[in-house]
Amino acid sequence: MQRNWIGKSVGASVKFPIAASPKSSPKERTSESGPNNQTSGFGLPASDFIEVFTTRVDTIFGVTFMVLAPEHELVPSLTTPEQKAEIDAYIAQTKKKSELDRMADAKTVSGAFTGSYVINPVNDEKVPIYIADYVLAGYGTGAVMAVPSGDQRDYLFAKHFGLPIVPIIDIQNIETEADPTKEGRYINSDFMNGLNYKEGTAKVIEFLENKGLGKGKINYRMRDAIFGRQRYWGEPVPVYFKDDLPHLIEEKDLPLILPEIDKYLPTETGEPPLGRAHDWNYNGFEYELSTMPGWAGSSWYWYRYMDARNDQEFASRQAIDYWRDVDLYIGGSEHATGHLLYSRFWNKFLKDLGLVPEEEPFKKLINQGHIQGRSNFVYRLIDEKGAGTNTFVSHGLIKQYKTSELHVDVNIVENDILDIEKFRQWRDEYKDAEFILEAGKYHCGVEIEKMSKSKYNVVNPDDIIARHGADTLRMYEMFLGPLEQSKPWNTNGIEGVYKFLRKFWKLFHDEQLNFRVSDDAPSKAELKSLHKIIRKVEEDIDRFSFNTSVSSFMIAVNELTDLKCNKRAILQDLVIVLSPYAPHICEELWEMLGNKAGTLSYAVYPKFNPEYLVEDEFAYPISVNGKMKINLNISLALEAKEIEDFVLASPEVKKYLDGKSPKKVIVVKGRIVNIVL
RNA sequence: GCUCGGGUGGUGGAACUGGUAGACACGCAGGACUUAAAAUCCUGUGAUCCUCAAAGAUCGUGCGGGUUCGAUUCCCGCCCCGAGUACCA
């Protein structure tokens with residue numbers, strides 16, 4: 001995602017000489033363009049050329065016009081007297097359009113002819129110069145060489161203004177739209193004719209370089225790089241103005257602190273809020289009134305966290321060398337292109353200055369998913385006149401009726417079944433509502449949307465905590481699925497987690513719910529259950545897979561319940577392992593087990609002992625031609641050849657062999673046996 | 001258009017590094033306990049076919065190919081959904 005945002009494009013920069021027009025001599029143009037009359041990198045006056053950036057310099061023989069952004073600095077000097085009215089009108093029209101309109105309006109073709117021409121450097125053809133708002137002043141040079149046969153925007157523009165469209169590649173199909181292909185061989189391209197894309201590009205760049213009119217170039221585009229904000233909350237910029245020129249304030253006067261102001265609004269004259277400050281100046285000189293954007297601080301704040309009370313420097317070298325970088329960054333993917341990109345950028349800068357040790361600021365990044373809303377609907381019956389009635393049709397039956405869909409509060413719906421009584425109480429207008437039911441129940445429709453009050457799909461966690469407790473909510477959030485996945489909030493499965501916690505509690509209690517834990521030595525099976533979960537949770541935490549841990553806890557508690565296990569030696573360790581997932585209930589049980597209250601967080605995580613998990617037999621799946629047929633219990637002490645003999649000799653397998661001898665037998669010890677017939 | 005995710009039962013999801021697809025949970029169905037309900041417990045639950053039953057067979061991880069003894073997993077080509085972004089030459 002960041003690659004896309006940086007916007008690297010590999011291409012070439014090409015200069016198109018402006019054709020001398022009889023009505024405006026080069027001299028006049030030079031005087032008009034004033035400060036632009038500098039020499040360019042090519043050793044010629046900049047204003048005698050229009051420079052463009054292109055990623056397809058190979059298509060230069062297909063150029064049939066040139067387009068400048070309306071804001072381009074050469075527009076006034078290029079406009080001939082006959083075209084002045086049209087150009088002025090067009091510029092006025094684009095200025096009126098907001099940035100948003102311009103984007104929304106992307107499909108409408110508009111533009112105006114300046115009356116001037118440039119010379120195509122490869123074939124000396126005169127090419128008309130237009131202006132159009134599809135060319136952006138802020139990107140490249142604000143000018144494009146238009147190749148209507150290869151670029152769709154140029155194509156539409158050419159069609160609209162009746163400009164020629166010249167095919168330049170033999171296999172190009174340009175009947176209905178532009179064809180940007182790189183396959184095929186060049187035509188209508190003079191010295192490039194017959195060459196392919198790679199050869200042609202090299203050749204044309206060589207040609208332009210020899211003439212001093214072009215060179216290969218890589219363009220970058222950095223968005224949102226503006227560093228000033230006209231608002232109060234932000235770091236003030238340590239700059240003052242003297243004779244209208246900006247100067248940095250002395251280092252000894254840092255940090256510059258935000259001044260107090262009466263209200264956080266622009267001044268009456270339209271200055272930013274800092275303009276309201278009284279006596280806020282630098283030795284009598286005015287400060288810059290903009291403040292820094294949010295990403296100024298967010299691009300390096302983790303270093304400040306390392307040494308927050310340091311009033312001498314942003315953080316001491318000692319602190320930075322100790323903490324170095326951020327081990328794990330968890331955040332939403334909406335930060336991937338903004339905050340996280342700039343953070344890397346700043347960090348590389350700080351590294352180059354030798355102020356920080358690491359090239360990259362974050363070791364690991366996780367984008368957590370978003371919880372979406374899950375809306376429920378009821379379906380109101382419509383009468384012949386098209387008016388809504390007070391009768392509601394269950395979702396499965398709506399095809400048989402004419403209905404309109406209405407959002408219903410998800411808090412009066414359970415597992416998509418509407419609580420009819422609560423619905424009647426929900427709003428006065430529904431108090432006499434009638435229902436057409438399916439098997440006695442009203443089924444609601446479902447849709448995934450943003451969580452929003454207007455959609456009545458907002459679920460308040462407090463309600464869930466009141467009903468099931470904070471541990472249930474916490475575990476259910478983990479149980480829902482992988483951390484990185486977005487999904488709708490849906491409490492349909494919450495009962496399972498709630499039941500699990502009660503079952504867990506019951507392990508420590510007898511049938512009358514008296515606390516009862518035994519000090520007997522644990523059995524092999526109990527130790528196996530415990531150590532399976534110790535290992536599983538350790539692995540799962542390492543890969544941030546919390547949903548699978550919760551499942552495994554359920555398995556462990558189910559097994560221990562079946563074993564009727566109430567042994568301290570097992571349960572105390574289980575409490576420790578479960579405590580990050582269900583801290584409240586575990587803290588309670590920890591204390592009941594006789595430990596000092598509040599010390600569970602300091603308990604040592606139990607040590608996994610693989611010996612308890614050692615098996616001496618394994619139920620090998622036996623497959624025939626890759627398809628699983630049966631399981632055979634075989635000692636794990638046997639080696640591949642012995643396993644093969646055992647399997648082929650067993651009567652259950654002989655049935656599948658049908659008297660034939662197998663072509664091949666694959667044995668993977670401890671995993672599988674596959675017989676190929 | 002581009003970039004990044006994702007597609008597995010009725011549902012949320014599991015499957016380590018190519019090795020028993022559907023763990024765990026919800027829902028549903030049936031049963032036990034109960035005057036009843038709640039709670040709790042037990043059994044079943046991918047689809048199709050076959051059978052009185054037991055058992056069995058075939059298909060099955062978005063679609064089409066490929067590699068492999070073996071593919072949800074690897075490769076090639078598509079389709080669909082979600083998020084972000086966009087006249088960027």
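Here is how names work: the chains are called A, B, and so on, in the same order as the sequence lines, proteins then strands, and each is numbered from 1.
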* **G7(B) versus U72(B) - spacing of their P atoms, nearest Å** => 14 Å
* Asked: Rounded to whole angstrom units, what separation is found between the CD1 atom of I555(A) and the P atom of A25(B)?
  -> 7 Å
* Using the C1' atom in both, what is the distance from A21(B) to G13(B), to the nearest Å? -> 13 Å
* To do: Answer yes if the side chains of Y155(A) and S149(A) hold a donor-acceptor pair under 3.5 Å, and no otherwise.
  => no
* Verify the ring-centre separation between F515(A) and W505(A): is it less than 6.0 angstrom? => no
* Asked: What pattern of brackets, bars and dots sums up RNA chain B from 5' to 3', given Watson-Crick or G-U wobble pairs under 3.5 Å, [ ] for crossing pairs and | for another strand?
  -> (((((((..(((......[....)))((((((.......))))))((((......))))..(((((..]....))))))))))))....
* Structure fact -> Tested for side chain to side chain contact (heavy atoms under 4.5 Å, CB included) against I622(A), the lone hit among V647(A), N631(A), N674(A), I672(A) is V647(A)
* To do: Please determine if a side-chain N or O atom of K627(A) lies less than 4.0 Å away from the OP1 or OP2 oxygen of C59(B).
  => yes
* Output the single nucleotide from C87(B), A89(B), U20(B) whose closest atom is nearest the side chain of I672(A). => U20(B)
* **Phosphate OP1/OP2 of C24(B) contacted by K536(A) side-chain N/O (<4.0 Å)** => no
* Asked: Between A25(B), C26(B), A21(B), which nucleotide gets closest to the side-chain atoms of M628(A)?
  -> A21(B)
* Looking at side-chain heavy atoms only, is the closest gap between V75(A) and I91(A) below 4.5 Å? -> yes
* To do: Could you state the atom-to-atom distance from CD1 of I643(A) to P of C69(B) in whole Å?
  => 20 Å
* Between C87(B), A57(B), G19(B), which nucleotide has the shortest distance from any of its atoms to the side chain of R153(A)? -> C87(B)
* To do: Could you tell me whether N558(A) contacts a base, only the sugar-phosphate backbone, or nothing, with contacts defined as non-hydrogen atoms closer than 4.0 Å?
  => sugar-phosphate
* side chain to side chain donor-acceptor pair (under 3.5 Å) evaluation trace for Y581(A) with S549(A) -> CA-CA 9 Å; Y581(A) 295 80; S549(A) 290; 3.1 Å; yes
* **T548(A)-S545(A) side chain donor-acceptor pair, cut-off 3.5 Å** => yes
* To do: Have a look at K629(A) and say if it touches a base, only the backbone sugar-phosphate, or nothing, with a 4.0 Å heavy-atom cut-off.
  => sugar-phosphate
* Starting from C1' on C33(B), measure out to CD on E511(A) and report it in whole angstrom. => 13 Å
* Nearest-Å distance once atom C1' is located in both G46(B) and U85(B) -> 40 Å
* Asked: From the list U20(B), A39(B), C88(B), which nucleotide is the closest neighbour of the side chain of L136(A)?
  -> C88(B)
* Structure fact -> Nearest-nucleotide check on RNA chain B, N674(A) vs K503(A); residue mapping nearer the 5' end is K503(A)
* Rounding to the closest angstrom, what is the interatomic distance between C33(B) and A37(B) at atom P? -> 12 Å
* To the nearest Å, how far apart are Y498(A) OH and U40(B) C1'? -> 13 Å
* Take the protein atom CZ of F157(A) and the nucleotide atom P of A89(B), then report the distance between them rounded to whole Å. => 19 Å
* What is the distance from CD1 of I218(A) to C1' of C88(B), rounded to the nearest Å? -> 16 Å
* To do: Would you classify R543(A) as touching base, sugar-phosphate or nothing, given that sugar-phosphate means primed atoms plus P, OP1 and OP2, and contacts are heavy atoms under 4.0 Å?
  => sugar-phosphate
* With sugar-phosphate meaning primed atoms plus P, OP1 and OP2, does K506(A) contact a base, only sugar-phosphate, or nothing at under 4.0 Å between heavy atoms? -> sugar-phosphate
* **T94(A) side chain to D133(A) side chain, donor-acceptor N/O pair below 3.5 angstrom** => no
* Asked: Syn or anti for G30(B), with syn set at within 90° of 0?
  -> anti
* Please state the P separation for the pair C28(B) and A71(B) - nearest whole angstrom. => 37 Å
* To do: Report yes if a side-chain nitrogen or oxygen of R502(A) is closer than 4.0 Å to either non-bridging phosphate oxygen (OP1 or OP2) of A39(B); otherwise report no.
  => no
* Asked: Nearest of A57(B), A25(B), U20(B) to any side-chain atom of Y656(A)?
  -> A57(B)
* Specify the residue among A619(A) and D151(A) whose closest nucleotide of RNA chain B lies further upstream toward the 5′ end. => A619(A)
* To do: May I have the step-by-step check of side chain to side chain donor-acceptor pair (under 3.5 Å) for D58(A) and Y186(A), ending in yes or no?
  => CA-CA 9 Å; D58(A) 60 299; Y186(A) 293 100; 2.5 Å; yes
* Asked: Looking at the rings of Y134(A) and Y130(A), which for Trp means the six-membered one, are their centres under 6.0 Å apart?
  -> no
* Distance below 4.0 Å between Y620(A) side-chain N/O and U20(B) OP1 or OP2 -> no
* Which distance, rounded to the nearest 0.5 Å, do you find between the CZ of R502(A) and the CD1 of I585(A)? -> 10.5 Å
Return the polar atom pairs (N/O with N/O) between nucleotides 11-13 of chain B and the protein under 3.5 Å, or none.
from, atom 1, to, atom 2, distance (Å)
G12(B), O2', L480(A), O, 2.8
G13(B), OP1, Q485(A), OE1, 3.0
G13(B), OP1, K487(A), NZ, 2.4
G13(B), O5', K487(A), NZ, 3.3
G13(B), O3', N547(A), ND2, 3.4

* **Euclidean distance for P, U58(B) against U3(B) (whole angstrom)** => 44 Å
* For the pair made of CG in D58(A) and C1' in A89(B), what is the distance, rounded to whole Å? -> 13 Å
* Asked: Is there a side-chain contact between V14(A) and L208(A), using heavy atoms and a 4.5 Å cut-off?
  -> yes
* To do: Give K663(A) one of three labels, base, sugar-phosphate or nothing, depending on what nucleic acid heavy atoms sit under 4.0 Å from its own.
  => nothing
* Asked: T55(A) side chain: which of A89(B), A21(B), A15(B) is closest?
  -> A89(B)
* Asked: Taking the same atom, P, in A57(B) and in U43(B), what whole-Å distance lies between them?
  -> 26 Å
* To do: Using the C1' atoms only, state how far C75(B) lies from A86(B), rounded to an integer number of Å.
  => 32 Å
* Structure fact -> Atom CD1 of I494(A) and atom P of A25(B) are separated, to the nearest Å, by 16 Å
* Think K15(A) forms a cation-pi with F49(A), using NZ or CZ under 6.0 Å from the six-ring centre and within 45 degrees of its axis? -> yes
